[in-house]
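For reference, the structure is listed below as structure tokens.
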Amino acid sequence: MTWWVLTGLQATPAPTSAVVLASTNNADFLYMAWAYHKPSWEARYKTVRGRRLLCGHYWKWDTPTITPQTEPGDTLTHTFSLSNLTPLSTIWYYLFALEGPYDREIQGPLCWFTLPFMPPGPIPTDEPIYWAIPGRILRCGNRYTFWANNTWYAFIPTSTSLTVWKLIDSVFNRLDQANEPTPAIGAFWDADARLDSLSAYIHIAFYQRSTSPNDHLCRYVKFALATDTWGSPETAHAEPYHGWPAYHVSLALDSNDKPHVVFPRIDLGFPIVFYRNKVAASWSAPEMAIWSHYRVITCDTCWIDPTNDAFHVCAVTNMYLHWYNKRPAGGSFQATLNSLLSGTNLPQHSLAAGVTIPHIAQISQTWRVNHWEGIPPSTHQDDLTLADSHFANMISSPAPPGEICIVYADLNNKLATIHRPPGGDWGAEQPTEYDVVSPLTAHYAHPDVIAALWECGGSQDTAFHAFYAPWH
Amino acid sequence: MAKIDALPSLDIIRGFKGVLDIYLWKGVVCVRTWPVIPMAHRTPASMEAAHLFGEILTAYGLIGGTVKSFFMADSKGETITPRDLHTSALYGHLHKRG
């Protein structure tokens with residue numbers, strides 16, 4: 001005879017999906033009965049001492065959908081993932097197990113949540129759109145395409161200028177070319193960009209490499225989408241880096257659309273990833289985000305958890321290690337963690353994604369995916385029997401939470417995807433017919449739309465394609 | 001035990017609860033002193049059921065705040081308490097399908 005009570009319950013609704021997390025004091029396998037309408041509340045009678053007595057009520061369900069928990073076997077935590085839901089509707093549900101005391105179901109209370117409004121989503125493109133750009137794309141990050149003003153924008157940094165392109169009548173047009181940020185001396189080396197929550201600005205952090213090591217700059221600029229014009233760049237950090245072959249910068253926006261940047265630099269002769277964020281009109285003092293134990297940092301990336309504004313940063317070093325750290329909103333960085341993932345191949349081709357949970361992957365002869373979940377890290381590893389690839393992005397969808405996808409170029413230089421549903425296993429490789437011959441970038445433009453940008457050969461050297469996510 | 005002419009009202013039956021037990025037996029209205037079962041006479045099954053019932057009542061304190069708020073919402077405006085609903089749910093008497 002098994003019985004339990006719900007010690008915790010949390011529903012995370014998205015426009016068309018929801019995840020319900022429950023915890024119980026005793027282990028059991030739970031089911032969720034749910035419907036779009038509230039069940040009727042009916043009286044229950046029994047005859048006592050010859051009298052028909054009201055002895056309570058029960059919720060009478062006619063056609064509920066029964067969804068089992070995603071975890072196998074009897075567990076203390078229980079996850080229920082619902083998809084293809086109707087936005088703005090209310091879901092009524094209760095949790096139950098088949099055999100409780102006296103061989104009856106054991107049940108939870110009637111619960112409910114309402115799905116949020118889903119704004120008009122981006123429109124995928126039927127085919128890739130190809131066009132020529134004035135120079136090679138620099139490092140491809142993971143946020144270079146955006147859906148705003150009912151069309152697509154592409155941010156493409158080149159060594160000589162930062163460019164923003166807008167899709168008008170199936171053609172990408174270069175915007176405000178006269179005011180594009182250009183380096184006074186030296187060249188641009190790297191850039192990262194995000195769209196803010198109001199789709200008002202593309203926020204861009206970029207690395208300006210000078211001819212003099214002491215004049216390197218980490219800079220920040222906004223591109224206004226209302227007028228399609230550039231703002232004035234400002235310096236987030238001076239002399240961020242010299243003496244090491246990497247000039248990266250990564251950007252994230254918090255819930256107030258304030259920028260946070262990380263950049264590797266040398267401090268007292270050691271490579272360190274530093275962090276600064278914009279407070280009012282100035283930038284905060286540099287904080288050490290990742291201490292890589294004297295190893296050369298080759299790549300870094302960052303993101304902010306929208307639910308609590310916690311800042312996440314990870315980096316790769318030339319000793320085949322991944323590093324991760326977290327800074328709670330208003331708090332300080334904790335001790336840097338490394339992934340314990342050591343390999344022999346291509347540490348620079350490391351992937352990172354996450355919204356609330358960091359996901360780190362490494363490309364080797366097979367894909368090795370390592371998930372960091374909280375602190376201390378839970379080292380959950382999957383070895384995927386995929387072809388090697390030099391160009392890949394791992395991205396995570398905000399809805400449903402925990403959904404992750406890798407967009408990459410396969411050995412045949414074709415655009416391909418592979419995804420893993422929350423709590424599930426990695427699906428099959430899904431190649432396309434589209435050629436990808438150079439760095440590729442991708443992100444979720446919407447919970448179920450992925451936008452990808454890559455460099456390709458020939459006179460038209462850039463390609464953009466937006467397509468529905470595998471679970472659409 | 002004694003026979004009486006007619007079944008009294010439910011308020012009267014409840015008024016004597018714990019003192020007199022008024023009930024029907026083969027259509028005959030009877031009244032007797034309230035039955036008392038000594039502990040020593042309880043069966044193992046009865047003892048186990050009582051023990052489980054006690055644990056279930058105590059477990060109400062383990063319920064999370066969100067869950068408790070749903071029980072409270074269900075019992076609002078009803079004669080039952082959130083704890084009653086909790087007990088009904090654990091015994092499978094809160095939801096009925098079909």
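These numbers come from the heavy atoms of this one structure, side chains and all, not from hydrogens, waters or symmetry mates. Convention: sequence-line order gives letters A, B, ...; per-chain numbering from 1.
- Of the listed residues (B:Val67, B:Thr66, B:Ile63, B:Thr79), the greatest number of heavy-atom pairs within a distance under 4.5 Å of chain A belongs to B:Val67.
- A salt bridge links B:Arg97 to A:Glu105: at least one charged side-chain nitrogen sits closer than 4.0 Å to a carboxylate oxygen.
- Between atom CD1 of residue B:Ile56 and atom CD1 of residue A:Ile106 there is a gap of 7.0 Å, rounded to the nearest 0.5 Å.
- Judged purely by distance below 3.5 Å, without hydrogens or angles, the side chains of B:Asp74 and A:Trp41 never pair a donor atom with an acceptor atom.
- In this structure, CG on B:Leu62 lies 9.0 Å from CG on A:Asn26, to the nearest 0.5 angstrom.
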Q.
I'd like to know whether B:Phe70 forms a side-chain contact (heavy atoms from CB on, under 4.5 Å) with A:Trp112, so could you lay out the CA-CA distance, the side-chain angles of the two residues, the decisive distance to 0.1 Å, and finally the verdict.
A. CA-CA 9 Å; B:Phe70 284 122; A:Trp112 66 90; 3.4 Å; yes
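- Contacts of A:Ile66 with chain B are made by side-chain atoms alone, with heavy-atom separations under 4.5 Å and no backbone atom involved.
- The greatest number of non-hydrogen atom pairs below 4.5 Å with chain B, out of A:Trp4, A:Phe96, A:Trp59, is found for A:Trp59.
- The shortest side-chain heavy-atom distance between B:Tyr60 and A:Val5 does not fall under the 4.5 Å cut-off.
- Summarising the geometry, atom CD belonging to A:Gln107 is positioned 9.5 Å from atom OG belonging to B:Ser88; distances are rounded to the nearest 0.5 Å.
- Looking at B:Ala73, the atoms closer than 4.5 Å to chain A (heavy atoms on both sides) all sit in the side chain, from C-beta outward.
- Dense packing is recorded around OH of A:Tyr36, with more than 12 heavy atoms of other residues, nucleotides or ligands lying under 6.0 Å away.
- At a threshold of 4.5 Å between non-hydrogen side-chain atoms, the residues B:His95 and A:Trp61 count as touching.
- In this structure, chain A has a heavy atom under 4.5 Å from the side chain of B:Ile80, while its backbone stays farther away.
- Looking only at side-chain heavy atoms (C-beta outward), B:Leu90 and A:Trp3 come within less than 4.5 Å of each other.
- At most 12 heavy atoms of other shown residues, nucleotides or ligands fall within 6.0 angstrom of atom CG in A:Asp425.
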Q. Between A:Arg44 and B:Lys96, is a side-chain contact (heavy atoms from CB on, under 4.5 Å) present by the stated rule, with each step listed?
A. CA-CA 11 Å; A:Arg44 187 156 48 89; B:Lys96 185 177 181 182; over 6 Å; no
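- Using a 4.5 Å cut-off between heavy atoms, A:Asp62 touches chain B through its backbone atoms (N, CA, C, O) alone.
- Heavy atoms closer than 4.5 Å to chain A are found in the side chain of B:Leu85, but not in its backbone.
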